[in-house]
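Since the structure comes first, as structure tokens, the remarks are kept for the end.
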2 protein chains.
Amino acid sequence: MPPPKRRRRGSRYAVLGMLSMGLKTGYAMKKHVEGNLGHYWSESYGQIYPILRQLVDEGLATCTEERRKGKPMRNLYSITPSGRKELREWLAMPPEPQPQRSEILLKLSLGNRVSSETCQKLIRDYRQQCEQDLAYLDDIASALRGPGAQHRDQPYWLMTLHHGRAIREAELAWCGQTLAHLRRLATQKKQWKKEGGASDG
Amino acid sequence: MPPPKRRRRGSRYAVLGMLSMGLKTGYAMKKHVEGNLGHYWSESYGQIYPILRQLVDEGLATCTEERRKGKPMRNLYSITPSGRKELREWLAMPPEPQPQRSEILLKLSLGNRVSSETCQKLIRDYRQQCEQDLAYLDDIASALRGPGAQHRDQPYWLMTLHHGRAIREAELAWCGQTLAHLRRLATQKKQWKKEGGASDG
DNA sequence: GCAGGCTATATCTAACTGATATAGATCTCA
DNA sequence: TGAGATCTATATCAGTTAGATATAGCCTGC
């Protein structure tokens, strides 16, 4: 039988990547994802810890237990040369098309089933979320440019932040347009009702 | 013990939504997602068929077997009033924050580990993908405006298409900027090498 | 002295993706 | 006419991800 097809396994390479940045505990990785990669990546403990053990099994990482006076034990992981090699190989592969899922757009596409007010609230809340995201992105960017030594990955991180900015700004513009469309639709419907026309649905 | 927390269950409501549009078979739903919602939603048979049966169990849909002369049997599903009610309730709820995952950005953020050419290829391929997506979106839009009767959901579908357009155009602009950044970075590194400076990593 | 928050590891279930299996019908083109 | 490809249609599995929860010691403030 043919070899089983490769699945995506993005979490695996996200963890390898964080190991290659020098992060040493699962906990630190989770915090890093939440605090720095939140605009384009997410990861759960349920992925991180099993993957770390698996990477050790495969010789892509090593683990040493550290027990400090009066502090809880922790497992310190490091990437090995073969780990770096596998990471580089993955980086050179073209990304697979990702499954698209936008709950907002799904809801909007079914907007005819609820009131115009409900739809407008959906979009206004989303606009607010985008604004918060922009503030979050700016916080990361100024932290990056701020005090410490220039990290060697800094230029690449800035590019991902630019991406987040570009997308959120486009979304803000779209929210404005869409709210106008929704208001126009609502006015038209009221108009038709007043004229006693037959409903279209 | 407290009641278990609700998970997202987007597939469930996508299926309910398609039932409310009049789609009757699992196969037709899958085709609809691929052909019309591909820019913001995806769905697999592994979700659709079990969910349809589950909706029937819960009284949100009904099923009748249709057997036609010389054609294979098929199951025709319809939404019930309680199905419509549950759909409307979901539509009125604020969407939960969605897990962000962009393989391209993850790869780019680790770009320092591979050659500038590899990074640039990553972005060029992505740019091409965005261009194809734009063409696909335009195809859907002209099909929507084209021949048949104006579907009552048409204005909402156009809003989701506008969203797709806005995002892809922002991405195209970002690809251009990013390619320029990558080229500049490569030139700088060559420069440093020539000057015999110590490597930064 | 204890409530709340942080560091840290670990695990479970539900949800989801992508692939594969099956089978009759219809299309294609040689 | 017949072999092979594609389409309609249902079904299921294994691998992967999301999100919640359990545990436990330490630190901070009140």
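So you know, we letter chains A, B, ... as the sequences are listed, proteins then strands, and number each from 1.
Within the nucleic acid shown, A:T25 comes within 4.0 Å of sugar-phosphate atoms alone, with no base atom in reach, counting heavy atoms only. A:G46 comes within contact range of at least one nucleobase, with a heavy-atom separation under 4.0 Å.
In summary, B:R168 and B:E171 do not engage in a salt bridge, as defined by a charged side-chain N under 4.0 Å from a carboxylate O. Between A:E117 and A:K121 no salt bridge is recorded (no basic side-chain N to carboxylate O distance below 4.0 Å). Under 4.0 Å is where a charged nitrogen must lie from a carboxylate oxygen, and between A:D57 and A:R53 no such pair does.
In this structure, A:I48 places its CD1 atom 16 Å from C1' of C:dC12, rounding to the nearest Å. Here the C1' atom of nucleotide D:dT17 and the CD atom of B:Q47 are 12 Å apart, to the nearest Å. If you measure from atom CZ of B:R101 to atom P of D:dT16, you get 12 Å, rounded to the nearest angstrom. Between B:Q54 atom CD and D:dA11 atom P the separation is 15 Å, expressed in whole Å. Between the P atom of D:dA11 and the NZ atom of B:K30 lies a distance of 16 Å, rounded to the nearest Å. Atom CZ of A:R9 and atom P of C:dT17 are 19 Å apart (whole Å). Atom CD in B:E43 sits roughly 17 Å away from atom C1' in D:dA9 (whole-Å rounding).
For A:Y49, taking side-chain heavy atoms from C-beta onward, the closest of the listed nucleotides C:dT9, C:dT17, D:dA18 is C:dT9. Side-chain proximity of A:R74 to D:dC7, C:dA8, C:dT17: nearest is C:dA8. For A:R53, whose side chain is taken as the heavy atoms from C-beta onward, the closest listed nucleotide among C:dA10, C:dT9, D:dA9 is C:dA10.
Listed pair A:Y45 / C:dA10 fails the phosphate criterion, with no side-chain N or O lying under 4.0 Å from OP1 or OP2. Distances shown here put every side-chain N or O of B:R67 at or beyond 4.0 Å from the OP1 or OP2 atom of D:dT10.
Using a 4.5 Å heavy-atom threshold, the side chains of B:P95 and A:Q129 count as separate.
DNA chain D lies under 4.0 Å from at least one heavy atom of each of the following residues of residues 10-21 of chain A: A:G10, A:S11.
Listed by chain and residue number, nothing satisfies the side chain to side chain donor-acceptor pair (under 3.5 Å) test with B:Y27 (two or more places apart in sequence, or in another chain).
Using modelled atom types and a 3.5 Å distance limit, the side chains of B:E43 and B:S11 yield a donor-acceptor pair.
Between B:Y126 and A:H163, the ring planes lie tilted relative to each other; the angle falls in the 30° to 60° range.
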